[in-house]
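These notes concern the structure reproduced below.
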Amino acid sequence: DQQVKQNSPSLSVQEGRISILNCDYTNSMFDYFLWYKKYPAEGPTFLISISSIKDKNEDGRFTVFLNKSAKHLSLHIVPSQPGDSAVYFCAASKAGNTRKLIWGLGTSLAVNP
Amino acid sequence: ETGVTQSPTHLIKTRGQQVTLRCSSQSGHNTVSWYQQALGQGPQFIFQYYREEENGRGNFPPRFSGLQFPNYSSELNVNALELDDSALYLCASSLPSGQASSYNSPLHFGNGTRLTVT
């Protein structure tokens with residue numbers, strides 16, 4: 001049972017435009033959400049996070065929005081750049097002593113010049 | 001600042017064999033987590049070590065075991081390898097949950113070890 005879902009396996013966007021990556025979750029106990037970016041042959045790299053007490057967090061070109069009632073979060077990248085082309089993973093965790101992340105399957109983003 | 005390093009980068013083993021994967025955590029991080037990422041999947045949590053003890057485990061059988069050393073480096077051992085164990089094994093280090101500064105401290109991953117079981 002997939003508790004974190006990324007329903008779009010891939011996304012293609014033109015350079016300079018906005019990229020919107022979506023993520024849904026089913027477990028209401030999740031209280032911390034993260035986005036990671038992964039290039040081939042590398043480990044995931046942390047991008048941005050948000051706690052459940054917030055509905056928006058911004059870091060440069062990256063903004064994450066959280067809608068708790070809909071159990072939905074999204075990552076906005078503005079403007080998109082060719083170097084943003086990678087697989088993006090949404091992950092979630094529950095408060096506690098274990099830094100256990102539950103991951104989605106990822107969305108492959110292609111930013112075309 | 002030294003990042004998370006894993007060795008080896010690639011490994012080929014035969015079904016039934018045993019394997020040991022190694023991880024050095026990022027400077028200042030004393031918690032290590034291991035994840036398994038099968039092709040086309042998201043990473044799956046194997047276990048976490050803090051103060052040289054396992055303090056969280058995912059849905060993996062006992063033939064997956066680990067160690068953490070006083071310098072916070074870690075090993076993942078897998079016995080009786082099966083074909084389905086073929087995957088990318090990722091190590092991540094972090095500050096432990098519970099520390100005031102750790103809540104927004106994300107996991108920092110190494111580049112992984114690609115294990116192929118034939």
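Side-chain atoms are counted along with the backbone in the values below, which use heavy atoms only and exclude waters and symmetry mates. Throughout, a chain's letter reflects where its sequence line sits, starting with A, and its residues are numbered from 1.
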Quiz item: Between B/Pro43, B/Ser33, B/Cys91, B/Gly40, which residue shows the highest count of heavy-atom pairs closer than 4.5 Å to chain A?
Solution: B/Pro43
Exercise. Mind checking side chain to side chain contact (heavy atoms under 4.5 Å, CB included) for B/Phe109 and listing every partner two or more places apart, or none if nothing turns up?
Key: A/Tyr36, A/Pro44, A/Trp103, B/Tyr35, B/Leu90, B/Ala92, B/Leu107
Quiz item: Which atoms of B/Gln37 come close to chain A, meaning under 4.5 Å heavy atom to heavy atom: side chain ones, backbone ones, both, or neither?
Solution: side chain
Quiz item: Is it true that the side chains of B/Thr20 and B/Asn77 contain a donor and an acceptor less than 3.5 Å apart?
Solution: yes
Self-check item: Contacts of type ring-ring contact (aromatic ring centres under 6.0 Å, His included), residue A/Tyr88, not counting sequence neighbours
Solution: none
Quiz item: Given a strict heavy-atom distance threshold of 4.5 Å, which part of A/Ala41 is in contact with chain B: side chain, backbone, both, or neither?
Solution: backbone
Exercise. Over all heavy atoms of both residues, which pair between A/Gly83 and A/Tyr39 is shortest? Give the atoms and the distance, please.
Key: O-OH, 2.7 Å
